[in-house]
Amino acid sequence: VFGEAPGGNTNTGRVYGEPKLLSTPAPTAATDTPAGRAVTQLDLPAGTQLTRATSPLIAGRGFTVTAHLSAPATTDGVLVSQGGALHGWSFYLQQHALHFSVRRAGKIYTVRADAPTVASAKKLSATLAPDGRVTLSADGRPIATGTVEGTVAQQPADPLLVGRDTGGTVADYAEPF
């Protein structure tokens, strides 16, 4: 689920279900997409790709992303990513840990959860607050918190991808991931 922070499919390979995107209860002009569509919730199946023109505007804003899993989270891979080598964010599994990374002007900031509950969870979430605080949750329970440098500084040029990160990766993993 993707959206502004306040406060499925059978999986194959690295795709872990149907992450959904959810924004704030009360959309503002800042939650409008470039096409002028107010974003209150986006439900996106695995394999979805949204171009810059159709992706939610996330620059300078907090948001939440949640992946609803239909198989155990035991394989490395991206749940949802938006952006690339300069600006963006990625929510992913790597080496049995849940990660949320923000890339600002090419520099990567990551919060990681090594909790054993990650592999058996049916729902994984990351919330990026406007002040850079990150909370990672499994099945609605916080499992890690940390701080990154801030929100994504500029609207990413690269697309929003569900289940992969290609064409310039956001975080510290090899492409494609």
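Just the heavy atoms: all of them, side chains too, but no hydrogens, waters or symmetry mates, feed the values below. The model shown is predicted, which means the values in this text are computed figures rather than measured ones.
In D131, the CG atom is crowded: over 12 heavy atoms of neighbouring residues, nucleotides or ligands sit closer than 6.0 Å.
Between P156 and G88 the shortest heavy-atom distance is CG-CA, 3.9 Å. Annotation for L160 and Q82: closest pair CD1-OE1, 3.7 Å, computed over non-hydrogen atoms.
The list of ring pair (Phe, Tyr, Trp, His ring centres under 6.0 Å) pairs with a residue in residues 135-176, not counting sequence neighbours, reads Y92-Y173, Y173-F177.
T66 has its side chain out of reach of L124: every pair of non-hydrogen atoms, C-beta onward, lies at least 4.5 Å apart. Considering only heavy atoms from C-beta on, L69 comes within 4.5 Å of L79 through its side chain. In this structure, the side chains of V80 and W89 come closer than 4.5 Å at one or more pairs of heavy atoms. Between L93 and V78 the shortest side-chain heavy-atom distance does not fall below 4.5 Å.
Every residue two or more places apart in sequence or in another chain that forms a salt bridge (charged side-chain N to carboxylate O under 4.0 Å, His left out) with D114 is listed here: R112. With sequence neighbours left out, T51 forms a side chain to side chain contact (heavy atoms under 4.5 Å, CB included) with A53, T54.
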Return all side-chain donor-acceptor pairs below 3.5 angstrom for residues 146-155, not counting sequence neighbours, or 'none' if the list is empty.
unit_1	atom_1	unit_2	atom_2	d
Q155	OE1	I58	N	2.9
Q155	OE1	A59	N	3.4
Q155	NE2	P56	O	3.0

Compile the donor-acceptor pairs under 3.5 Å between side chains in residues 137-144 and protein atoms, sequence neighbours left out, one pair per line.
unit_1	atom_1	unit_2	atom_2	d
D139	OD1	K122	N	2.9
D139	OD1	K123	N	3.0

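Rounding to the nearest 0.5 angstrom, the gap separating the CG atom in L57 from the CZ atom in F63 is 12.5 Å. The line from OG of S81 to CZ of F91 is 12.0 Å long, rounded to the nearest 0.5 Å.
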task: Quick one: do V134 and Y109 satisfy side-chain contact (heavy atoms from CB on, under 4.5 Å)? Show the steps, please.
output: CA-CA 11 Å; V134 174; Y109 304 90; over 6 Å; no
- request: Test D158 against D165 for side-chain contact (heavy atoms from CB on, under 4.5 Å), laying out the working first.
  value: CA-CA 10 Å; D158 295 307; D165 187 2; over 6 Å; no
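For R103 (side chain) and V170 (main-chain N/O), a donor-acceptor pair under 3.5 Å exists by modelled atom type. In this structure, the side chain of H99 engages the main chain of A97 through a donor-acceptor pair within 3.5 Å. With S55 contributing its side chain and L50 its backbone, the two residues share a donor-acceptor pair below 3.5 Å.
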